[in-house]
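Let me begin by presenting the structure, written as structure tokens, before commenting on it.
Basis for what follows: all heavy atoms, side chains included, without hydrogens, waters or symmetry-related copies. Letters go in sequence order (proteins before strands), and every chain restarts at 1.
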Amino acid sequence: MKRITIAEAAQHVGETVQIAGWLYNLRRSGKIIFPIVRDGTGIMQCVAIKTELPEPVFESLRRLTQESSLIVTGTVRAEQRAPGGYELDVKDAQIIQRVPESDPYPITPKPHGIDFLLDHRHLWIRSRRQHAILRIRHQVVRSIRNYLDDHGFTLVDTPIFTPAACEGTTTLFEVPYFDEGKVYLTQSGQLYNEATAMAFGKVYCFGPTFRAERSKTRRHLTEFWMVEPEMAYATLEDVKQLAEDLIVSVIRDVLTHRRQELETLERDISKLEAIDKPFPRLTYDEAIEILHRKGSQIVWGDDFGGTDETLLSEEFDRPVMVDRFPAKIKAFYFQPDPEQPDRVLGVDILAPEGYGEIVGGGQRIHDLDLLLKRLDEYGLPREAFDWYIDLRKYGTVPHAGFGLGIERFVAWICGVDHVRETIAFPRMLYRTRP
RNA sequence: UCCUCGGUAGCUCAAUGGGUAGAGCAUCCGGCUGUUAACCGGAGGGUUGCAGGUUCGAGUCCUGCCCGAGGAGCCA
């Protein structure tokens, strides 16, 4: 007997096949019942008729409990009344495990609260919405990698354990490390990317990053994934063009390959279809002007708060790029703007619809003396950066790159209001289980 | 860390001014040959987050604690 997936059903109309999955829901109407089966690739309604099945088979299905595992044999039929467009006329069914009614599956097809759902995240990911979001996430990751691989970038992943004082901030998770004392979970692969870029030209790293901030908002996780491309012989403008081209490319891919999932999420697809190059470009000063006009209390020289980011992004129907920030609100390694030395060649990209900063990056300092000066100004110990300083001694060149936060990007594409739904097992301030 | 809100059946919620804790869903039993979060009838299911206080009487008022959510700060 041929085993197919639900996603393949359209190619097997009229054939008798097997589907291996789980009972998503069951509707009963006397001598006809509708077991709804999911198999990971999709959801399909089956039809079992009492008079056409052996009694034990019909009875085992009629009394089946939600999320019991089963293998159904039946004939595929196109059916307009069925949610997916195809139905399976059941000929036989083998129950692999029957969920006992004494301990039924906790997530019912009715509303639940967020606390309950997050406590049952290991089961919640079976639900239609969560399933759609995670499939879109996979498409986003795949598209990013395809894009970078196709544009001459080499994947060189960077370490997750990093030494003390790596970036001179206090927001790192500490980990005991043998006799060395402590190491820290990385909050960015960027410094290492600068080393690999000098070895490979165009590189990227893709992995989890960690922030020990007590942030409790819809845009924050303590563990999140970033893709960080870095390019030798590159400028701020190169970074801006790469970022907008990458973002547009990924969105096109999702619209092509994951349209059904976007529909499941009831995403306003026209808003994604409107995303195209070029993205609007503002300087920090122009952004401040817009914010003041819109009533923000932000003071020149401050970084944008979440509310400011939302106010700014409302002005545009596509991501907006803001560059030339005051040097003192950015990290030590940003290259100054030659025309305004108190500004740096850094850029943030804010997603539309209030999803906040999805990209941060820019051009790095390539001059040895300037880097040493900046380290001193920021109070960072030179000895912790010895290898990083080396990069400016041995064939230094202008270089630039950025980091793109996967969860915020996926949240925007999916139109979900919290990044916790865009990763299988979110790690947040008050939540580390399951 | 701060502000706000919340914790009552497995789940989502209700319970007049302090007076016998209730509904829907889920589960079980029964009915129904096209259901779409099916529907109809019935049954079982409670230490009201924890500890203390006020009161004849507390889910309800007071104090402390625990847990969570929304937001702020923070987020090179």
_Please name the nucleotide paired to B/G45 by Watson-Crick or G-U wobble geometry with both distances under 3.5 Å, or report none._
none

*Under 3.5 Å, side chain of A/E244 to main-chain N/O of A/F279, donor-acceptor pair present?*
yes

*Can you tell which of B/U1, B/A76, B/A69 lies closest to the side chain of A/F334?*
B/A76

*Pairing nucleotide - B/G17, Watson-Crick or G-U, each distance under 3.5 Å*: none

*Which heavy atom of A/Q45 sits nearest a heavy atom of A/R27, and at what distance?*
OE1-NH2, 3.2 Å

*For the residue pair A/Y333 and A/F385, is the inter-centroid distance of their aromatic rings smaller than 6.0 Å?*
no

*Across the strands shown, which category fits A/F58 at heavy-atom distances under 4.0 angstrom: base, sugar-phosphate, nothing?*
nothing

*With the threshold set at 4.0 Å, does a side-chain nitrogen-carboxylate oxygen contact exist between A/D323 and A/R343?*
no

_Rounded distance (Å) that lies between atom P of B/U35 and atom CD of A/Q45_ = 10 Å

*Does B/C61 pair with anything, Watson-Crick or G-U wobble, both distances under 3.5 Å, and if so, with which nucleotide?*
B/G53

*asked:* Checking contacts here: which listed nucleotide (B/U33, B/G68, B/A26) is nearest the side-chain heavy atoms of A/I32?
replied: B/U33

*Expressed in whole Å, how much space separates the C1' atoms belonging to B/U8 and B/C67?*
16 Å

*asked:* Taking only side-chain N and O atoms of A/R211, does any of them lie within less than 4.0 angstrom of OP1 or OP2 on B/A76?
replied: yes

*What nucleotide among B/G70, B/G73, B/G34 has an atom nearest to a side-chain atom of A/K216?*
B/G70

*For B/C29, take OP1 and OP2 only and decide whether either is under 4.0 Å from a side-chain N or O of A/R63.*
yes

*For B/G53 versus B/U12, give the span between their C1' atoms, rounded off to a whole number of Å.*
33 Å

*With respect to the side chain of A/R28, which nucleotide from B/C32, B/G34, B/U1 is positioned closest?*
B/C32

*A/T307 (side chain) and B/A72 (base): donor-acceptor pair under 3.5 Å*: no

*Scan A/D302, A/D308, A/T307 and name whichever one has a side-chain hydrogen bond (donor to acceptor under 3.5 Å, both in side chains) with A/S296.*
A/D308

*asked:* Quick test of your reading of the model: are A/D119 and A/R433 salt-bridged, counting only N-O distances below 4.0 Å?
replied: no

*A/I43 has an atom CD1; how far is it from atom P of B/A37, in whole Å?*
12 Å

*Rounded to the nearest Å, what distance is computed from the CZ atom of residue A/R214 to the C1' atom of nucleotide B/C74?*
11 Å

_Starting the side chain at C-beta, find the nucleotide from B/C75, B/G73, B/G34 nearest to A/R77._
B/G34

*Tell me which nucleotide among B/C75, B/A69, B/U27 gets nearest to the side chain of A/H220.*
B/C75

*Can you tell which of B/U27, B/A69, B/C74 lies closest to the side chain of A/R431?*
B/A69

*Could you tell me which nucleotide pairs with B/C25 by Watson-Crick or G-U wobble geometry, both distances under 3.5 Å, or answer none if nothing does?*
B/G10

*asked:* With a 4.0 Å cut-off on N to O distance, would you call A/R211 and A/E223 a salt bridge?
replied: no

*Starting at CD of A/E407, measure out to OG1 of A/T422 and round the result to the nearest 0.5 Å.*
4.5 Å

*asked:* Given B/A72, B/G34, B/U33, identify the nucleotide with an atom nearest to the side chain of A/K31.
replied: B/U33

*Quick one: A/E421 CD to B/A69 C1', roughly how many Å, whole number?*
14 Å

*Under-4.0 Å salt bridge between A/K373 and A/D367*: no

*From the list B/C28, B/U33, B/G70, which nucleotide is the closest neighbour of the side chain of A/S29?*
B/U33

*asked:* With a cut-off of less than 4.0 Å, is there a side-chain N or O of A/R420 near OP1 or OP2 of B/G70?
replied: yes

*With both distances kept under 3.5 Å, what pairs with B/U1, Watson-Crick or G-U wobble?*
B/A72

*Heavy-atom contacts under 4.0 Å between residues 12-25 of chain A and RNA chain B, which residues?*
A/N25

*Using whole Å, report how far CD1 of A/I298 lies from C1' of B/G73.*
14 Å

Polar pairs (N or O, both sides) under 3.5 Å between protein and nucleotides 10-12 of chain B?
residue: B/C11; atom: O2'; partner: A/P111; partner atom: O; Å: 3.4
residue: B/C11; atom: O2'; partner: A/H112; partner atom: ND1; Å: 2.5
residue: B/U12; atom: OP1; partner: A/G113; partner atom: N; Å: 2.9

*What class does the angle between the rings of A/F325 and A/Y284 fall in, given that below 30° is parallel, 30 to 60° is tilted and above 60° is perpendicular?*
tilted

*Is a side-chain N or O of A/T222 found less than 3.5 angstrom from the main chain of A/L429, in a donor-acceptor match?*
no

